[in-house]
Visitor: 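Next up is a structure, given as structure tokens.
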Amino acid sequence: MNDLLVLRQGDDVAVATRDLTPADRAVAPDGSAVVVRDAVPRGHKVALRQVATGAPVHKYGQVIGVATADIAVGDHVHAHNLGFDPGEREAPLGGTHTELTVPDDVPRPTFRGYRRADGRVGTRNYLAILTSVNCSATTAKMIAEQFRGAALDEFEHVDGVIALTHTSGCGLVPDSEGGQMLLRTLRGYAANPNVAGVLVLGLGCEMVPGAALSARSGSVADLGMPGVGAPEDPGAAGLLAAIPEDTVVRSMTIQETGGVRASVRAGSEAVRAMLPMLNARRRTECDISELVLGLECGGSDGYSGITANPALGWASDRIVAYGGTSVLAETPEVYGAEHLLTARATSPGVAKKLLDRIDWWRHYVAAGQGTLDNNPSPGNKAGGLTTILEKSLGAVAKGGTADLTAVYEYAEQITDRGFTFMDTPGYDPVSVTGMVAGGANVVVFTTGRGSVFGCQPTPSIKVATNTPMYDRMREDMDVNAGRIVDGTASLEEVGEEILAKILAVASGEQSVSEELGIGAEEFIPWHLGAVT
């Protein structure tokens with residue numbers, strides 16, 4: 001293993017593969033050496049050449065910021081001498097096409113999933129207690145608690161009973177962007193192919209009525225949301241997920257049922273009556289093309305864009321090549337690398353939609369007295385990431401090289417196959433909630449600092465970017481991509497391991513977060529707009 005990783009020819013910086021101390025002679029892969037001037041933690045950047053104050057600094061062959069002080073060869077390059085520069089990046093509206101291929105000497109991959117009435121395939125078989133408003137959250141949890149442990153022993157084909165609770169549902173402006181987004185999210189979970197049964201639980205007087213969540217199909221305008229008229233954009237805001245005909249749906253309100261105690265009794269009886277119907281479902285052989293893969297990273301570090309993210313990108317490309325779907329998200333964490341995505345768009349319209357969402361984010365964070373460079377987080381910076389430009393360049397690697405076929409608004413239904421993008425915040429639970437609402441049936445989550453994220457009803461596979469963290473948090477990680485830097489595995493080998501894990505988990509193997517029962521509390525819809 002070399003001391004330094006040089007990611008592109010002509011880069012001004014390299015990444016340290018071990019902790020470096022002053023006067024260390026750090027060796028790069030080509031045999032060249034740099035005498036280190038400062039202490040440089042593992043995963044952080046070392047200057048390969050002099051950079052004058054105000055000049056751009058390059059990594060991945062791209063600008064990651066400007067020097068805020070003169071940088072000498074061997075200097076530690078980080079927040080003390082590297083700053084954010086919004087600059088101007090040319091964003092092509094398509095034009096780059098990558099022809100993806102699949103091996104012709106191996107059988108076409110399959111997994112064992114639950115085929116639903118609408119043609120989609122679930123990787124899990126959950127019963128969800130879906131709350132229309134926060135006022136019913138505690139009651140929903142009380143009902144779900146009746147079905148922990150041995151209570152489900154006789155229902156071996158049911159993955160669990162989960163309470164999907166949230167902090168909204170009333171006091172918001174129903175006709176607003178935020179009101180319609182919440183309804184899209186809740187409906188999307190009811191329709192997700194990993195959910196085979198839904199008990200909609202409301203209080204009874206909220207702005208998001210239970211009827212809007214339990215109806216099989218409809219638009220925002222005709223599902224009973226008070227004060228909501230026909231939307232200006234029926235494509236994203238007006239059309240809601242249709243709940244499959246074979247999803248068992250029941251609905252009740254606490255006020256009509258007689259209060260909390262009566263609702264817990266009635267809700268528990270309703271769940272018990274639904275469980276045998278769900279337990280009758282069986283997994284069948286399904287093609288890899290039925291996967292809808294959510295791509296997420298959290299607690300990133302200096303290795304994220306070198307190991308786990310590009311290895312996940314390899315797996316994403318392979319799924320797309322077989323006709324499946326992958327979904328990149330976290331719009332604030334592609335800012336600075338959006339030109340790499342728009343160049344891959346299948347049409348100017350797809351590219352422009354991504355640029356429009358980034359423009360929306362500029363105004364959104366400005367209204368909150370921030371900038372898009374508020375990201376990276378303190379943990380990201382401790383791991384070696386300095387600016388959002390650097391973080392984004394590593395983050396987009398999760399999307400591999402496939403053409404970008406579609407851009408979706410938050411929680412909008414994912415209907416296009418291929419590599420797609422969903423507009424979400426960078427906050428991991430909120431981001432994954434949007435993708436699951438859109439239809440993701442499996443998630444892969446890369447992390448460098450060590451995330452304990454889980455997701456229900458969609459399984460989440462966690463991939464470590466570096467071996468020390470993997471060893472320290474082995475019980476919370478599924479795959480160690482740090483072996484790429486260690487020199488014990490190639491990027492393709494780790495990509496193949498990730499793909500094999502996706503297929504195994506999609507077939508019912510539990511991820512480490514599932515073994516711990518993590519995931520219901522991570523259901524966090526994105527809240528926008530006024531609450532009155």
Visitor: Between Arg449 and Gly379 (side chain of the first, backbone of the second, donor and acceptor by atom type, cut-off under 3.5 Å), is there such a pair?
Guide: yes
Visitor: Could you give me the CA-CA distance, side-chain angles and deciding distance for Asp70 and Val51, then say whether side chain to side chain contact (heavy atoms under 4.5 Å, CB included) is met?
Guide: CA-CA 6 Å; Asp70 288 345; Val51 182; over 6 Å; no
Visitor: Verify, without hydrogens or angle tests, whether Thr458 (side chain) and Val442 (backbone) share a donor-acceptor contact under 3.5 angstrom.
Guide: no
Visitor: Going by distance alone, is a donor N or O of one side chain under 3.5 Å from an acceptor N or O of the other, for Asp416 and Tyr408?
Guide: yes
Visitor: For Tyr427, does the OH atom sit with more than 12 other heavy atoms under 6.0 Å from it, leaving out its own atoms?
Guide: no
Visitor: Is it the case that Thr401 and Asp317 place a side-chain donor and acceptor less than 3.5 Å from each other?
Guide: yes
Visitor: Please give me the minimum heavy-atom distance between His78 and Lys381, naming the atom from each residue.
Guide: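 Minimum heavy-atom contact is NE2-O, 3.0 Å.
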Visitor: Quick check for you: to the nearest 0.5 Å, what is the distance between Thr424 atom OG1 and Glu333 atom CD?
Guide: 8.5 Å
Visitor: For the residue pair Trp526 and Trp361, does the interplanar ring angle fall in the parallel (under 30°), tilted (30 to 60°) or perpendicular (over 60°) class?
Guide: parallel
Visitor: Could you go step by step and tell me if Val327 and Phe421 meet the side chain to side chain contact (heavy atoms under 4.5 Å, CB included) rule?
Guide: CA-CA 5 Å; Val327 191; Phe421 183 86; over 6 Å; no
Visitor: Between the main-chain N or O of Asp356 and the side-chain N or O of Asp359, is there a donor-acceptor pair closer than 3.5 Å?
Guide: no
Visitor: State, to 0.1 Å, how close Leu7 and Tyr60 come at their nearest heavy-atom pair, and which atoms those are.
Guide: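 The answer is CD1-CE2, 3.4 Å.
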Visitor: Thinking salt bridges, do Lys45 and Glu390 make one under a 4.0 Å N-O criterion?
Guide: yes
Visitor: Heavy atoms only: give me the nearest Pro525-His166 pair and the separation to one decimal.
Guide: CD-CB, 3.9 Å
Visitor: Does the pair Asp75/Arg37 count as a salt bridge with the N-to-O cut at 4.0 Å?
Guide: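 The answer is yes: the pair qualifies as a salt bridge.
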Visitor: So which heavy atom on Asp12 is nearest to which on Pro56, and how close?
Guide: OD2-O, 3.7 Å
Visitor: Within the side chain of Thr21, is there an N or O that forms a donor-acceptor pair under 3.5 Å with the backbone of Ala39?
Guide: no
Visitor: Can you tell me how far CG of Leu295 sits from CD1 of Ile319, rounded to the nearest 0.5 angstrom?
Guide: 8.5 Å
Visitor: Any ion pair linking Lys398 and Glu296 (charged N to carboxylate O, less than 4.0 Å)?
Guide: no
Visitor: Looking at every non-hydrogen atom in both residues, tell me the closest pair between Leu93 and Lys352 and how far apart they are.
Guide: CD2-N, 4.4 Å
Visitor: More than 12 foreign heavy atoms under 6.0 Å from CD of Glu509: is that the case here?
Guide: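 Yes.
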Visitor: Evaluate side chain to side chain contact (heavy atoms under 4.5 Å, CB included) for Glu90 paired with His339, printing each intermediate quantity in order.
Guide: CA-CA 7 Å; Glu90 182 180 353; His339 58 295; over 6 Å; no
Visitor: Using only heavy-atom distances, determine whether the side chains of Asn81 and Thr68 contain a donor-acceptor pair under 3.5 Å.
Guide: no
Visitor: Does Arg417 pair with Glu290 as a salt bridge, N-O distance under 4.0 Å?
Guide: yes
Visitor: Among Ile484, Ile306, Val46, find the residue that satisfies the side chain to side chain contact (heavy atoms under 4.5 Å, CB included) test when tested with Leu5.
Guide: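 Looking at Ile484, Ile306, Val46, the match for Leu5 under the side chain to side chain contact (heavy atoms under 4.5 Å, CB included) is Ile306.
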Visitor: Below 4.5 Å, heavy atoms only, C-beta onward: do Asp373 and Tyr335 meet side chain to side chain?
Guide: no
Visitor: With a 4.0 Å cut-off, would you call Glu497 and Arg483 a salt bridge?
Guide: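 Salt bridge flag = yes for Arg483 with Glu497.
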Visitor: If we count only N and O atoms by modelled type, under 3.5 Å, do the side chains of Ser451 and Lys462 hold a donor and an acceptor together?
Guide: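 The answer is no; no qualifying pair exists.
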Visitor: Salt-bridged, Glu521 to Lys141, with N to O below 4.0 Å?
Guide: yes
Visitor: So, taking the atom named NE2 in His76 and the one named CG in Leu20, what distance separates them when rounded to the nearest 0.5 Å?
Guide: 9.5 Å
Visitor: Mind listing the closest non-hydrogen atom pair of Leu100 and Ala321 along with its distance?
Guide: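 Looking at all heavy atoms of both residues, the shortest contact is CB-CB, 3.7 Å.
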Visitor: Keeping Asp19 on the side-chain end and Arg42 on the backbone end, is there a donor-acceptor pair under 3.5 Å?
Guide: yes
Visitor: Under the criterion side chain to side chain donor-acceptor pair (under 3.5 Å), I'd like the reasoning laid out for Asn480 against Thr467: C-alpha separation, chi angles, the key distance, then a yes or no.
Guide: CA-CA 6 Å; Asn480 177 22; Thr467 297; 3.2 Å; yes
Visitor: Counting heavy atoms not belonging to Arg25, are there more than 12 under 6.0 Å from its CZ?
Guide: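 Count not over threshold, so no.
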Visitor: Does a donor on one side chain and an acceptor on the other come within less than 3.5 Å for Ser511 and Asp478?
Guide: no
Visitor: Within the 4.5 Å heavy-atom criterion, are Ile64 and Leu393 side-chain neighbours or not?
Guide: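 The answer is yes, as the side chains (C-beta and beyond) meet within the 4.5 Å cut-off.
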